[in-house]
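Below, read A as the first sequence line, B as the second, and so on, with proteins coming before strands; counting in each chain starts at 1.
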Amino acid sequence: MTAELYINDCKWKGIIEPDATLLEFLRSNGYYSVKQGCDSCSCGICTVWVDGFPVLSCKYPACRAAGKRITTIEGTGSSANLLGMYLSAEGAEQCGYCSPGLIMTVLALEKENPDASEEEVETYLAGNLCRCSGYQLQTAGILKYLRRKNNE
Amino acid sequence: MWTVKEYVMPKSIEEACNALNERKGNCILGGGIWTQMSGRHICKAIDLSKLQLNYIDELEDSVRIGSNCTLRELETNRMISEIYGEYFQNCFKGIAGVQFRNMVTVGGSICGCYGFSDITASFLCLDAKLSFYKHGITALSFFINNKQSFKKDILLYAELPKKRNIAQYASFRANFNDIPIINTAVSVDRGQYRIVIGARPGIAQLAEKASLAAGEGVLPETAAMEAVEEMTFGSNMRGSKEYRKSLAEMLICDCIRKIAVDERVL
């Protein structure tokens, strides 16, 4: 299918395979920050934004993205870097494989609910799994990131 | 892994319906997740996302929900929360993560007739009506029992009655956001109860006799016992039929008790 879409505000036009997932499409176009995890919508590692909403690219049909704006972690600017620093300061990053998906989800949460409570953070991130850091340090880093303006 | 020969995004319902009926291997995509995981071989995948079916409209006596509306849109809609309270939030919060709920559509969940579906159970409990392109308007309960005859039709919207409905939803899962082992929903509108049990593991069904009994004022324990007695349960890797039956009885009883509290508050 011939499609036109935007990836991180850059226009892309070309042919998308009818059974390609958004994950396959993005990685084949060099967006390697989008990781493949469970491939069954369980881990959240492949999270990207479509028109600003977080989705799981491992099962999002790439053709459906025609005409839409796709954002990967490269397109979030300094926010992702800043959140990454808060996470690493808490020791919440170990292998880092889940970080791009986690960061994309947290930034989506920040847009929706910038004053999220600890419980709201945990509920929103229920679809993001991490196999090595545990979740307490991640939550602590995320809460510090969200409260950073209050602490300045 | 699924295979698709052609992916189309029709610009009208008629075009979509014609594409669906062209040949057997053509298929409508909802969120597309289950279709992909089932490893189907599809001739023509028909994507409805260009048909503006992702609306939530408040009408005089009902709420109309477009079939392409996502679970997240429903969950976060202010008007839905004002009318149904936290009913849908309680129902959807255990469905995987936010990203997943941004993809799953109301139409895909209902038309997929999934036994584990939380949305089918919650909509059936509110006595939802469905509007199909060819079949017109039908009750969700009728659709569930006659799904084969709707196979080549397209769901346009679901309509929920906007009555003074008090409803409670409860499910039991192996962990917070897993597929439910059992789900139950109970609603009451001016003394008329609707008790629904889903993930038995079969698709959600209305416990008619128990609903009548609850309306006649029997104890919650009695209504719950009658509900599980009139339903069939099955076993699978998630739980045995005896386990499901015990859980369903407890959850229904709990829902009826909570409704009694809500009624006193209102």
Side-chain angles (χ1 to χ4, degrees), chain A residues 1-3 15-25 37-68 101-102 104-109 111-113 116 119-129 135, chain B residues 1-11 25-51 54 68 70-73 75-76 89-90 92-105 108 173-179:
Chain A
M1 175 178 149
T2 306
I15 293 171
I16 303 177
E17 291 297 317
D19 42 16
T21 64
L22 188 56
L23 171 75
E24 290 162 349
F25 167 75
C38 65
D39 214 21
S40 61
C41 287
S42 303
C43 71
I45 280 171
C46 62
T47 302
V48 298
W49 299 346
V50 175
D51 284 346
F53 294 101
V55 299
L56 300 164
S57 62
C58 71
K59 286 287 173 278
Y60 191 95
C63 292
R64 183 169 287 170
K68 297 186 189 297
L102 175 72
M104 291 306 285
T105 314
V106 174
L107 295 179
L109 164 68
K111 284 196 292 179
E112 266 185 53
N113 183 7
E119 192 186 347
E120 285 168 332
V121 168
E122 286 173 358
T123 305
Y124 200 92
L125 296 177
N128 285 79
L129 301 184
Y135 299 101
Chain B
M1 183 65 86
W2 73 335
T3 59
V4 181
K5 283 186 183 160
E6 192 184 354
Y7 194 101
V8 294
M9 300 175 96
K11 292 190 173 59
N26 295 357
C27 164
I28 298 281
L29 290 184
I33 298 167
W34 202 256
T35 312
Q36 288 181 59
M37 291 209 278
S38 65
R40 282 178 66 179
H41 302 291
I42 297 167
C43 293
K44 193 180 271 186
I46 304 155
D47 186 323
L48 305 180
S49 56
K50 301 282 186 209
L51 298 181
N54 59 335
N68 220 38
T70 66
L71 300 195
R72 186 71 181 155
E73 283 170 329
E75 181 187 358
T76 55
Q89 281 98 320
N90 286 338
F92 296 158
K93 70 183 177 191
I95 304 176
V98 168
Q99 307 97 312
F100 186 84
R101 300 200 292 275
N102 271 330
M103 296 162 71
V104 175
T105 64
R173 297 158 197 269
N175 69 24
F176 175 72
N177 56 356
D178 196 7
I179 287 173

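R101(B) contributes atom CZ, which lies 11.0 Å from atom CG of L56(A) (distance to the nearest 0.5 angstrom). Between the CG atom of D19(A) and the NE2 atom of H41(B) there is a distance of 10.5 Å, given to the nearest 0.5 Å. Note: E73(B) CD to F53(A) CZ = 7.0 Å, rounded to the nearest 0.5 Å. Going from atom CG of N102(B) over to atom CH2 of W49(A) covers 12.0 Å, rounded to the nearest 0.5 Å. Note that the CG atom of N177(B) and the CG atom of L129(A) stand 7.5 Å from one another [nearest 0.5 Å]. Taking SG of C58(A) as the reference point, atom CE of M103(B) lies at 6.5 Å (rounded to 0.5 Å).
For the set G101(A), A126(A), C63(A), A66(A), the entry with the most heavy-atom pairs within less than 4.5 Å of chain B is C63(A). In terms of heavy-atom pairs under 4.5 Å with chain B, the best-connected choice from P54(A), G127(A), S42(A) is P54(A). Of the listed residues (G67(A), P18(A), G44(A)), the one with the most heavy-atom contacts under 4.5 Å to chain B is P18(A). Contact tally against chain B (heavy-atom pairs below 4.5 Å) for E112(A), K59(A), M1(A): the top residue is K59(A).
For a residue to count as touching a neighbouring chain, one of its non-hydrogen atoms must lie under 4.5 Å from one of that chain's; by this rule T3(B) touches chain A with backbone and side chain alike. Looking at L29(B), both its backbone and its side chain come within 4.5 Å of chain A, counting heavy atoms on both sides. Both the backbone and the side chain of F100(B) come within contact range of chain A, each with at least one heavy atom under 4.5 Å from a heavy atom of that chain. Proximity to chain B (any heavy atom under 4.5 Å) is shown, for E17(A), by neither the backbone nor the side chain. Proximity to chain A (any heavy atom under 4.5 Å) is restricted, for K5(B), to the backbone atoms N, CA, C and O. Looking at S40(A), both its backbone and its side chain come within 4.5 Å of chain B, counting heavy atoms on both sides.
Closest of all the heavy-atom pairs between P61(A) and G31(B) is CD-O, 4.1 Å.
The environment of K111(A) atom NZ is dense: over 12 non-hydrogen atoms of other residues, nucleotides or ligands sit within 6.0 angstrom. Residue R173(B) qualifies as enclosed at atom CZ: its count of foreign heavy atoms under 6.0 Å is above 12.
Without hydrogens or angle criteria, R64(A) side chain to M9(B) main chain gives no donor-acceptor distance under 3.5 Å.
The side-chain contact (heavy atoms from CB on, under 4.5 Å) search around T21(A) returns L23(A), E24(A), Q36(B), not counting sequence neighbours.
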